[in-house]
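Worksheet: the structure to be examined is printed underneath.
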Amino acid sequence: MTVPKRMDKQTARELRSILEKMNITQSKVKIDLDNDTIEVEDDYSIDDILESAGILTPNEAKELTDEVRRMREEEWN
């Protein structure tokens with residue numbers, strides 16, 4: 001279980017500014033400094049949206065999610 005840590009307002013503003021320069025505007029991100037990666041938590045994942053619209057089966061949605069994850073990882077490397 002993770003325990004959230006409170007940031008001061010100045011630090012939060014500075015981090016927001018850095019992330020905005022990287023075109024990351026989502027309010028929830030996970031930063032892994034060991035792997036030099038940022039994981040964005042979407043409000044709704046694309047597979048949830050397409051699956052609920054009846055466009056994808058659950059398996060197709062998982063494949064799409066995996067493909068998007070691979071593409072994002074390639075962008076960071």
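One finds a salt bridge joining D66 and K62 here, because a Lys/Arg side-chain nitrogen approaches an Asp/Glu carboxylate oxygen to under 4.0 Å.
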Please tabulate, for side-chain N and O atoms in residues 12-22, each donor-acceptor pair with protein atoms closer than 3.5 Å (sequence neighbours left out).
| residue | atom | partner | partner atom | Å |
| --- | --- | --- | --- | --- |
| R13 | NH2 | Q10 | OE1 | 3.1 |
| E14 | OE2 | Q10 | NE2 | 2.7 |

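Neither L33 nor M7 shares a network with the other; the hydrophobic side chains, linked directly or stepwise wherever heavy atoms of I, L, V, M, F, W or Y lie under 4.5 Å apart, form separate groups for each.
Applying the side chain to side chain donor-acceptor pair (under 3.5 Å) criterion to D8, with sequence neighbours excluded, gives T11. The side chain to side chain donor-acceptor pair (under 3.5 Å) search around D32 returns N35, not counting sequence neighbours.
Within the model, atoms CG of D36 and CD1 of I31 stand 11.0 Å from one another, a figure rounded to the nearest 0.5 Å.
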